[in-house]
Amino acid sequence: MKFLLFLGTSRDSSPPRPKRLGQRVAKACLQHFESQYFENQANDVEIELIDVLDYPLESIFKPHFAYAKGRAPSALDELAEKIQAADGYIMVSPEYNHSMSPALANLLNHFGSSLFSYKPSIILTYSAGQWGGARAAVNMRTYLAELGCLPVSAMIHIPKAQEVFTEEGTYETNQNDAEWASYFERGFSQLIWWAEACKAQRGRQNPNDALVRNPAQRNAPSD
Ligand SMILES: Cc1cc2nc3c(=O)[nH]c(=O)nc-3n(C[C@H](O)[C@H](O)[C@H](O)COP(=O)(O)O)c2cc1C
């Protein structure tokens with residue numbers, strides 16, 4: 001199974017320091033996946049990092065699906081293929097003004113819900129402050145549900161991430177590695193469970209395409 005880890009920070013400037021705190025969080029997630037799933041091969045799991053900074057977008061918003069076939073920028077085409085091929089998503093976001101990262105929402109908004117649908121996601125937020133992005137996570141749940149990749153119930157929040165992880169994504173020496181690993185594991189095991197279940201069901205029955213046929217089908221009947 002294939003997972004995409006979206007890293008939602010584009011803030012390559014400071015203050016506030018440290019910049020791109022999310023890189024440490026993303027590295028820690030990748031390392032967790034490697035140690036839990038690649039080394040003991042308990043699951044056939046692959047993970048790929050999608051960094052919002054690798055996708056410079058036009059200032060005039062034109063979603064991938066708004067281009068005529070074959071006319072979209074190749075980076076968008078490639079990402080659309082990866083999203084379609086993935087079995088689940090790890091959405092890593094900083095908290096900005098109690099909301100999810102606008103850079104993450106902007107990148108995701110370029111793709112239709114049909115690419116994400118019938119697959120699970122997990123919300124992972126972090127911040128330099130004490131709440132770990134919990135307020136951003138609340139609105140991410142609504143956002144991701146509308147995008148079609150329903151978030152699993154477990155969420156991961158990392159308060160004061162600069163004190164938890166080194167720049168390499170390893171734990172700072174005063175941290176309880178085992179406790180953090182079990183916290184990650186609860187969320188990721190839910191994600192993998194749902195991804196396996198959704199994959200099996202997609203193989204059994206093609207998803208009904210109500211989401212993509214006609215936007216008017218989302219409207220409530222008028223009489
Ligand atoms: C515009 C802006 C808004 C912020 N809002 C919040 C906030 O609502 N809650 C919070 O805990 N931290 C907030 N912070 C601090 C971030 O948690 C901190 O800067 C963190 O490093 C952001 O992640 P990043 O470096 O990966 O972009 C904010 C930072 C910025 C730049």
Side-chain angles (χ1 to χ4, degrees), residues 1-43 45-56 79 82 86 88-108 121-138 140 144 151-152 154-192:
M1 283 193 306
K2 196 146 192 201
F3 294 92
L4 298 183
L5 184 154
F6 282 87
L7 171 55
T9 174
S10 60
R11 192 179 65 89
D12 207 3
S13 62
S14 60
R17 284 182 191 282
K19 64 181 182 178
R20 303 210 82 213
L21 185 52
Q23 277 182 318
R24 305 176 189 210
V25 177
K27 282 180 189 168
C29 285
L30 295 171
Q31 284 162 20
H32 182 91
F33 257 74
E34 253 161 48
S35 65
Q36 290 297 308
Y37 306 115
F38 303 162
E39 283 166 16
N40 61 26
Q41 309 217 317
N43 302 67
V45 170
E46 284 175 51
I47 186 166
E48 181 175 348
L49 174 68
I50 306 292
D51 185 333
V52 295
L53 272 190
D54 292 336
Y55 295 89
L79 186 50
K82 287 180 185 184
Y89 312 96
I90 299 159
M91 301 296 189
V92 177
S93 180
E95 178 172 275
Y96 289 164
N97 296 318
H98 295 191
S99 303
M100 76 185 278
S101 153
L104 179 59
N106 188 30
L107 180 61
L108 297 177
S121 60
I122 185 166
I123 297 166
L124 195 164
T125 60
Y126 63 91
S127 75
Q130 64 181 325
W131 304 115
R135 293 152 299 201
V138 171
M140 281 176 79
L144 293 170
V152 298
M155 297 192 274
I156 300 172
H157 310 298
I158 305 176
K160 299 183 185 170
Q162 70 283 8
E163 295 176 15
V164 178
F165 298 118
T166 65
E167 283 183 30
E168 288 69 46
T170 55
Y171 294 103
E172 289 286 0
T173 46
N174 62 353
Q175 295 295 311
N176 185 334
D177 303 18
E179 209 166 57
W180 277 111
S182 72
Y183 184 47
F184 275 113
E185 195 43 33
R186 175 170 177 264
F188 291 150
S189 60
Q190 280 195 6
L191 179 72
I192 291 172

Set of side-chain hydrogen bond (donor to acceptor under 3.5 Å, both in side chains) partners for [X], sequence neighbours left out:
X	result
Q23	none
S189	none
K82	E48

Side chains of [X] and [Y] in contact at under 4.5 Å (non-hydrogen atoms):
X	Y	value
I50	Y55	yes
P18	R24	yes
T9	L21	no
Y89	F3	no
Q31	T170	yes
S93	M140	yes
V164	Y126	no
I156	V25	no

Separation between [atom1] of [X] and [atom2] of [Y], rounded to the nearest 0.5 Å:
X	Y	atom1	atom2	answer
S121	L191	OG	CG	7.5 Å
L124	C29	CG	SG	4.5 Å
D177	S182	CG	OG	11.0 Å
L7	K27	CG	NZ	10.5 Å
E163	E172	CD	CD	8.5 Å
F6	S101	CZ	OG	12.0 Å

For a side chain to side chain contact (heavy atoms under 4.5 Å, CB included) check, start with the C-alpha distance between F33 and L5, then their side-chain angles and the critical distance, and finish with the verdict. CA-CA 11 Å; F33 257 74; L5 184 154; over 6 Å; no
Mark yes when over 12 heavy atoms from residues, nucleotides or ligands other than E185 sit less than 6.0 Å from its CD; otherwise mark no. yes
Quick one: do I123 and M91 satisfy side chain to side chain contact (heavy atoms under 4.5 Å, CB included)? Show the steps, please. CA-CA 5 Å; I123 297 166; M91 301 296 189; 5.6 Å; no
Just jot down the side-chain contact (heavy atoms from CB on, under 4.5 Å) partners of D12, sequence neighbours excluded, or say none. K19, R20, L53
Can you give the donor-acceptor pairs under 3.5 Å from side chains of residues 129-137 to other protein atoms, not counting sequence neighbours?
from : atom 1 : to  : atom 2 : distance (Å)
R135 : NE     : E95 : OE2    : 3.3
R135 : NH1    : H98 : NE2    : 3.3
R135 : NH2    : E95 : OE2    : 2.8

Under 3.5 Å, is there a donor-acceptor pair between the side chain of E46 and the main chain of K2? no
Any donor-acceptor pair under 3.5 Å from Q190 side chain to V152 backbone: no
Taking ring pair (Phe, Tyr, Trp, His ring centres under 6.0 Å) as the test, write out the residues that go with H32, two or more places apart. F184, F188
Identify the residue among L104, D51, V52 that makes a side-chain contact (heavy atoms from CB on, under 4.5 Å) with S10. V52
